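As structure tokens, the structure follows; a few thoughts come after it.
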Amino acid sequence: MIHDISQVEHKKIQVISMITKLYNIDLLQQIEHLLLSTEKDWWHSISEAEKQAIDIGLEDIKNGHIISNEQMNKEINERFKGL
């Protein structure tokens with residue numbers, strides 16, 4: 001859903017106004033956690049093994065070790081024929 005900048009700014013002001021009226025520390029901490037969790041890069045939330053697998057895949061692409069989607073589908077169909 002696309003909103004224009006003025007709608008976004010208006011909504012931000014509304015939310016800030018609501019937050020300034022809160023005195024429940026638990027709720028404020030939940031809001032803080034939500035805001036901080038949306039800022040995190042997914043790269044920092046995956047394991048080292050997943051990062052290594054991605055790096056290997058990127059290196060394969062760089063070195064031209066790739067096959068087409070059609071070829072991959074053909075290999076899968078042949079390998080799992082009869083299942």
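As the structure is a computational prediction, the values presented were derived from the model and not from experiment.
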Report yes if the side chains of [X] and [Y] come closer than 4.5 Å at any heavy-atom pair, otherwise no.
X   : Y   : result
S68 : Q71 : yes
K81 : N77 : no
I5  : E9  : yes
H10 : S6  : no

[X] [atom1] to [Y] [atom2] distance, which is reported to the nearest 0.5 Å:
X   : Y   : atom1 : atom2 : result
E32 : I25 : CD    : CD1   : 8.5 Å
I46 : I54 : CD1   : CD1   : 4.0 Å
Q29 : N24 : CD    : CG    : 9.0 Å
I67 : N73 : CD1   : CG    : 9.0 Å

Please check if [X] and [Y] belong to a single hydrophobic cluster, counting links between Ile, Leu, Val, Met, Phe, Trp and Tyr side chain heavy atoms closer than 4.5 Å.
X   : Y   : value
W43 : I56 : no
L28 : L35 : yes
M18 : L34 : no

>> I need the minimum non-hydrogen distance between D60 and I66, along with the two atoms involved.
In response: O-CG2, 4.5 Å

> Short question: side chain of E78, backbone of E75 - any donor-acceptor pair under 3.5 Å?
Replying inline: no

>> Among residues at least two apart in sequence or on other chains, which ones pass side-chain hydrogen bond (donor to acceptor under 3.5 Å, both in side chains) with K11?
In response: Q14

